[in-house]
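Everything on this sheet refers to the single structure shown next.
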Amino acid sequence: MSVTVLLIHGAFADGSSWSGVIERLQAFGVTVKTVANPLRGLTFDGEYVKSVVSQTEGDVVLVGHSYGGPVVTYAGSGQPNVKAVVFVSAFGIDKGETAGASAEDYPKPALADALQPWTYPGSETAEVSIREEEYHRVFAADLPEASAAVQAANQRPLSRLGLSEPLTVEPAWKAVPTWWIFGTEDKVINPDYQRDKSRKFGSTVTEVEGGSHATLISHADEVADVILAAVSAVRQP
């Protein structure tokens, strides 16, 4: 059975953030594609990615960065071809939880004071992005400043529903094995939060010493290695 890796980006990023990871996976002959996360709200985004999963032939490894973690948690629910989930510097939630509330018991991240609110036509729901002058410090401190500036310019804002809408389905991580990789200097999602959630999920964990929230860019080799481990496990159950 073929295996396809579906990469789902989070907020304040886009599909290009996976470029380094894609190059490494393709070098190993892995079929991989990015999915453009709409960033409109957990249910909307989850259903969108779920539709991509249902149209993908063979087995699927779902990979979610940041807010993409809850999205793959939703999208993989009840999908028989989803065989593994990989969380990359991500939120991890259970049914009935929201991403925002799930981290309330941990120190407030630097991200909280770096957000810029926006509105968009046809909706009263606000969305947020990271102020460009704060992006390097908050999101990608282990990238060169010029590289972080490019990412800041490319970032896509997130509807506030993404962090405030609860998960309404049984989470995929309860049905399939999971892997988790995060940086110890993540200033968007608290590292202790990620340690605790990965332990709850029974994930195979990789910590990147000194890594920022942008581990998928700054440590593409390590992230690709974790995904390859998941692919290998699916190929050889």
Side-chain angles (χ1 to χ4, degrees), residues 1-10 17-18 20-22 24-32 34-35 49 53 58-95 97 99 102-103 106 142 167 170-186 188-237:
M1 181 71 70
S2 62
V3 180
T4 298
V5 174
L6 297 181
L7 303 172
I8 290 78
H9 65 81
S17 60
W18 291 110
V21 172
I22 292 170
R24 289 156 176 80
L25 294 179
Q26 289 179 337
F28 281 90
V30 175
T31 301
V32 56
T34 60
V35 181
V49 175
V53 172
D59 294 334
V60 169
V61 174
L62 278 175
V63 184
H65 173 246
S66 192
Y67 163 69
V71 174
V72 299
T73 296
Y74 185 113
S77 177
Q79 295 290 92
N81 62 331
V82 172
K83 303 300 183 181
V85 175
V86 180
F87 296 91
V88 181
S89 303
F91 287 105
I93 60 174
D94 204 342
K95 187 175 182 180
E97 284 188 321
S102 72
Y106 298 82
D142 57 352
L167 182 69
E170 288 299 322
W173 55 263
K174 288 187 176 180
V176 299
T178 61
W179 282 255
W180 200 307
I181 179 170
F182 65 93
T184 60
E185 296 298 325
D186 193 327
V188 174
I189 304 177
N190 186 282
D192 284 334
Y193 165 94
Q194 296 188 68
R195 289 186 187 99
D196 291 343
K197 290 295 184 178
S198 61
R199 187 178 302 115
K200 174 182 177 180
F201 291 9
S203 304
T204 300
V205 181
T206 301
E207 295 192 20
V208 179
E209 189 65 33
S212 74
H213 191 62
T215 46
L216 72 171
I217 305 171
S218 58
H219 293 273
D221 283 331
E222 291 94 325
V223 172
D225 285 345
V226 170
I227 297 170
L228 287 169
V231 170
S232 295
V234 171
R235 286 175 172 168
Q236 300 174 356

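In this chain, residues are counted from 1 in sequence order. Note: hydrogens, waters and symmetry copies are ignored here, and every other heavy atom, side chains too, is used.
Considering all non-hydrogen atoms of both residues, D142 and G210 come closest at OD2-O, 4.1 Å. Among all heavy-atom pairs drawn from G69 and T73, the shortest one is O-OG1, 2.8 Å. Among all heavy-atom pairs drawn from V61 and A230, the shortest one is CG1-CB, 4.1 Å. V49 and A75 get closest at one heavy-atom pair: CG1-CB, 3.6 Å. Of all heavy-atom pairs between Y67 and P70, the closest is O-CD, 2.9 Å.
Annotation: side chain of E207 is in contact with side chain of R195 (closest heavy-atom distance under 4.5 Å). Taking the side chain as every heavy atom from C-beta outward, R235 and V3 approach each other to under 4.5 Å.
In this structure, F91 and Y193 have perpendicular ring planes: the angle between them is above 60°, well past the 30° mark.
Within the structure, every pair that satisfies the salt bridge (Lys or Arg N to Asp or Glu O under 4.0 Å) test and touches residues 221-230, not counting sequence neighbours, is listed here: R24-D221.
Listed for the W173 side chain is a donor-acceptor partner under 3.5 Å among the backbone atoms of I93. Using modelled atom types, one side-chain atom of S212 and one backbone atom of A214 make a donor-acceptor pair closer than 3.5 Å. At distances below 3.5 Å, not a single donor-acceptor pair connects side-chain atoms of S77 with backbone N or O atoms of Y74. The backbone N or O of F182 sits nowhere less than 3.5 Å from a side-chain atom of T215 that would complete a donor-acceptor pair.
Among residues two or more places apart in sequence or in another chain, the side chain to side chain donor-acceptor pair (under 3.5 Å) test is passed with N81 by none. Every residue meeting the side chain to side chain donor-acceptor pair (under 3.5 Å) condition with S66, not counting sequence neighbours, appears here in chain and number order: H213.
The residues D94 and K174 are annotated as salt-bridged, a charged nitrogen and a carboxylate oxygen being separated by less than 4.0 angstrom.
For the atom pair CZ (F201) and CG (D196), the distance works out to 11.0 Å, reported to the nearest 0.5 Å.
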